[in-house]
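Here is the structure we will look at.
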Amino acid sequence: MATLKIKQIKSKIGAPIDQKRTLEALGLRKISQVVEREDTPSLRGMIRKVHHLVTVVE
């Protein structure tokens, strides 16, 4: 399967608790941290939920 690199670009301070937990589930803890995950529909949904805090690096 294809993989996606996800980078946190904004702080989670001030974000609702469900968005904070979504970032933790993605494996992101710090700004500028990059994680690589398999591209699945559930991962796409998680990214959509916090799209204003993360970016997908190609």
Side-chain angles (χ1 to χ4, degrees):
M1 244 186 184
T3 60
L4 293 175
K5 288 185 180 181
I6 309 157
K7 181 177 183 179
Q8 184 175 347
I9 57 169
K10 291 183 80 177
S11 174
K12 63 183 175 182
I13 296 174
I17 191 70
D18 59 330
Q19 292 178 3
K20 290 179 183 180
R21 289 184 179 154
T22 301
L23 285 175
E24 290 175 11
L26 287 171
L28 295 168
R29 290 188 265 154
K30 299 179 179 180
I31 296 176
S32 298
Q33 183 179 4
V34 178
V35 294
E36 191 168 345
R37 299 281 182 249
E38 285 191 19
D39 187 10
T40 61
S42 61
L43 182 79
R44 291 282 182 161
M46 293 168 73
I47 292 171
R48 191 175 307 120
K49 185 168 189 145
V50 293
H51 71 276
H52 57 289
L53 302 175
V54 300
T55 187
V56 178
V57 180
E58 295 298 327

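Counting only heavy atoms from C-beta outward, the side chains of Leu43 and Ile6 approach each other to under 4.5 Å.
Screening residues 41-54 for side chain to side chain donor-acceptor pair (under 3.5 Å) gives Asp18-Lys49, Gln19-His52, Asp39-Arg44, Thr40-Ser42 as the qualifying pairs, with residues at least two apart or on separate chains.
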Could you list the donor-acceptor pairs under 3.5 angstrom formed between side-chain atoms of residues 24-33 and any protein atom two or more places apart in sequence or on another chain?
residue: Gln33; atom: OE1; partner: Arg29; partner atom: N; Å: 2.7
residue: Gln33; atom: OE1; partner: Lys30; partner atom: N; Å: 3.1
residue: Gln33; atom: NE2; partner: Gly27; partner atom: O; Å: 3.4

Side chains of residues 8-17: which donor-acceptor pairs under 3.5 Å do they make with residues two or more places apart or in other chains?
residue: Gln8; atom: NE2; partner: Lys10; partner atom: O; Å: 3.0
residue: Ser11; atom: OG; partner: Ile13; partner atom: N; Å: 3.1

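For Arg37, there are no salt bridge (charged side-chain N to carboxylate O under 4.0 Å, His left out) partners at least two apart in sequence or on another chain. Qualifying salt bridge (charged side-chain N to carboxylate O under 4.0 Å, His left out) partners for Lys5, counting only residues two or more places apart in sequence or in other chains: none.
In this structure, Val34 shares a hydrophobic cluster with no other residue, the cluster being traced through Ile, Leu, Val, Met, Phe, Trp and Tyr side chains under 4.5 angstrom apart.
Residue Val35 is grouped with residue Ile47 when hydrophobic side chains (ILVMFWY) are merged at heavy-atom distances under 4.5 angstrom, including chains of intermediate members.
Between Met46 and the choices Val54, Leu23, Thr22, the side-chain contact (heavy atoms from CB on, under 4.5 Å) rule is met once, by Thr22.
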